Engineer: 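Can you keep this structure in mind? I'll have questions shortly.
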Amino acid sequence: MTDTNQAKRPLSPHLTIYRPQFTSVLSILHRITGIALLLAVILIVIWFGAVALGPYYFNRIDTVFDHILVRLILVSATWAMWYHTCTGVRHLIWDAGYLLETKWINPTAYVVLFSSFSLTALTVCISWIG
Amino acid sequence: MAFVTKLVKGFFSKDINEGTAHWVSQRVTSAILIPLTAIFIFPFVVHINLEHSEIMFLYTNPFRAMLTLLFFCLTLLHFKQGAQVVIEDYVHDYRANKVLLRLNEIAFWIINGCIVLAMARIMFAT
């Protein structure tokens, strides 16, 4: 007997049926920040494009970049980038076969969160001081 | 260390299947991107506040220009690889899946083309 519902069965990953956990949220955030960073990449590519096109276009882009909303996007993108980098390092360590024991899950997660925020603060400070 | 040796071997091996090749190259791009991100981003956040002439002066330096280009090409490649996995994981409709994978590829080449052209023009500006 064939199952007529075969095609409609839910497929992995089952995002909608799990209660959110600290660890799963971090993992999902890694993907979300990764995808969201495309926006930042496009913004910076536009910026370099304007630099290449000359002072006229550059000044126009520069005023857009000075807007508080764009600054906010850039600062968020900075955090997203550092978060993605830090969790990326964590994933690489796991892939190499280290720190896979349960007791390491939360400590490494806190290290990742702490470093992502510190690195963001550092980057913003460097940009501010010049 | 054994892991790195395995990765390098896998990266150059012709005997591995598509999935493994994708996995290995994704680890390789991410590992290279860790130092490259730091090297690119810390000076860049200062440059973003500078005037046009100062930026042109900095980025006509071939070393900096090549580094920037390398950072963007690897970032975009890494993004393409990541987005491919996300599409494969979440888009279950066969046709939508194929269309999105193709769009991902096209977007990768368009953005890559833009940054290569921009950096080339900055580098060879007189």
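None of these values were measured; they are calculated from a predicted model. So you know, we letter chains A, B, ... as the sequences are listed, proteins then strands, and number each from 1. Below, all heavy atoms of this structure are taken into account, side chains as well, without hydrogens, waters or symmetry copies.
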Engineer: Does any backbone or side-chain atom of B:N49 lie under 4.5 Å from a heavy atom of chain A? Answer side chain, backbone, both or neither.
Structural biologist: side chain
Engineer: Are there more than 12 heavy atoms of other residues, nucleotides or ligands under 6.0 Å from atom CD1 of B:I106?
Structural biologist: yes
Engineer: Is B:A120 in contact with chain A via its backbone, its side chain, both, or neither, using a 4.5 Å heavy-atom distance?
Structural biologist: neither
Engineer: Answer with yes or no after comparing the ring centroid distance for A:W82 and B:F42 against a 6.0 Å cut-off, counting only values under it.
Structural biologist: yes
Engineer: Examine whether an atom of A:H30 lies under 4.5 Å from a heavy atom of chain B, and if so say whether it belongs to the side chain, the backbone or both; otherwise answer neither.
Structural biologist: neither
Engineer: Looking at B:E54, I'd like to know if its CD atom is crowded, meaning that more than 12 non-hydrogen atoms belonging to other residues, nucleotides or ligands lie closer than 6.0 Å.
Structural biologist: yes
Engineer: Using 30° and 60° as the class limits, which term best fits the ring planes of A:F48 and B:F72: parallel, tilted or perpendicular?
Structural biologist: perpendicular
Engineer: Answer with yes or no whether the hydrophobic clustering places A:L26 together with A:V89; edges join I, L, V, M, F, W, Y residues whose side-chain heavy atoms lie under 4.5 Å apart.
Structural biologist: no
Engineer: Measuring from atom CE of A:M81 to atom CD1 of B:I41, what distance do you get when rounded to the nearest 0.5 angstrom?
Structural biologist: 4.5 Å
Engineer: Give a yes or no on this: more than 12 heavy atoms of other residues, nucleotides or ligands lie within 6.0 Å of atom CH2 of B:W109.
Structural biologist: no
Engineer: Which region of A:I42, side chain (C-beta onward) or backbone (N, CA, C, O), has a non-hydrogen atom less than 4.5 Å from a non-hydrogen atom of chain B, or is it both or neither?
Structural biologist: side chain
Engineer: Please give me the minimum heavy-atom distance between A:L92 and B:S30, naming the atom from each residue.
Structural biologist: CD2-OG, 3.9 Å
Engineer: Give me the atom names and distance for the closest heavy-atom approach of B:A118 to A:A52.
Structural biologist: O-CB, 3.4 Å
Engineer: Please output the side-chain donor-acceptor pairs of residues 53-62 of chain A that fall under 3.5 Å, not counting sequence neighbours, one pair per line with the distance.
Structural biologist:
unit_1: A:Y56; atom_1: OH; unit_2: A:R60; atom_2: NH1; d: 3.3
unit_1: A:N59; atom_1: ND2; unit_2: A:P55; atom_2: O; d: 3.2

Engineer: May I ask you to name which of A:V41, A:L119, A:D66, A:I44 has the most heavy-atom pairs under 4.5 Å with chain B?
Structural biologist: A:I44
Engineer: Examine whether an atom of B:M123 lies under 4.5 Å from a heavy atom of chain A, and if so say whether it belongs to the side chain, the backbone or both; otherwise answer neither.
Structural biologist: neither
Engineer: Side chain, backbone, both or neither: which part of B:S53 has a heavy atom under 4.5 Å from chain A?
Structural biologist: neither
Engineer: Is it the case that more than 12 heavy atoms not belonging to B:W23 sit under 6.0 Å from its CH2 atom?
Structural biologist: yes
Engineer: Could you walk me through whether A:V51 and B:R121 pass side-chain contact (heavy atoms from CB on, under 4.5 Å), step by step?
Structural biologist: CA-CA 9 Å; A:V51 172; B:R121 198 167 163 175; over 6 Å; no
Engineer: What's the shortest heavy-atom distance between B:H47 and A:W47, and which atoms?
Structural biologist: O-CZ2, 3.9 Å
Engineer: Quick one: CD on B:Q26 to NE2 on A:H91, what's the gap to the nearest 0.5 Å?
Structural biologist: 10.5 Å
Engineer: Hey, quick one: are A:Y83 and A:I35 part of the same hydrophobic cluster, counting side-chain heavy atoms closer than 4.5 Å, chains of contacts allowed?
Structural biologist: no
Engineer: Among A:L37, A:L122, A:D95, A:L74, which residue forms the greatest number of heavy-atom pairs with chain B at distances under 4.5 Å?
Structural biologist: A:D95
Engineer: Could you walk me through whether A:W128 and B:V45 pass side-chain contact (heavy atoms from CB on, under 4.5 Å), step by step?
Structural biologist: CA-CA 9 Å; A:W128 201 16; B:V45 293; over 6 Å; no
Engineer: Name the member of B:I48, B:I115, B:I111 that forms the most heavy-atom pairs with chain A at distances under 4.5 Å.
Structural biologist: B:I48
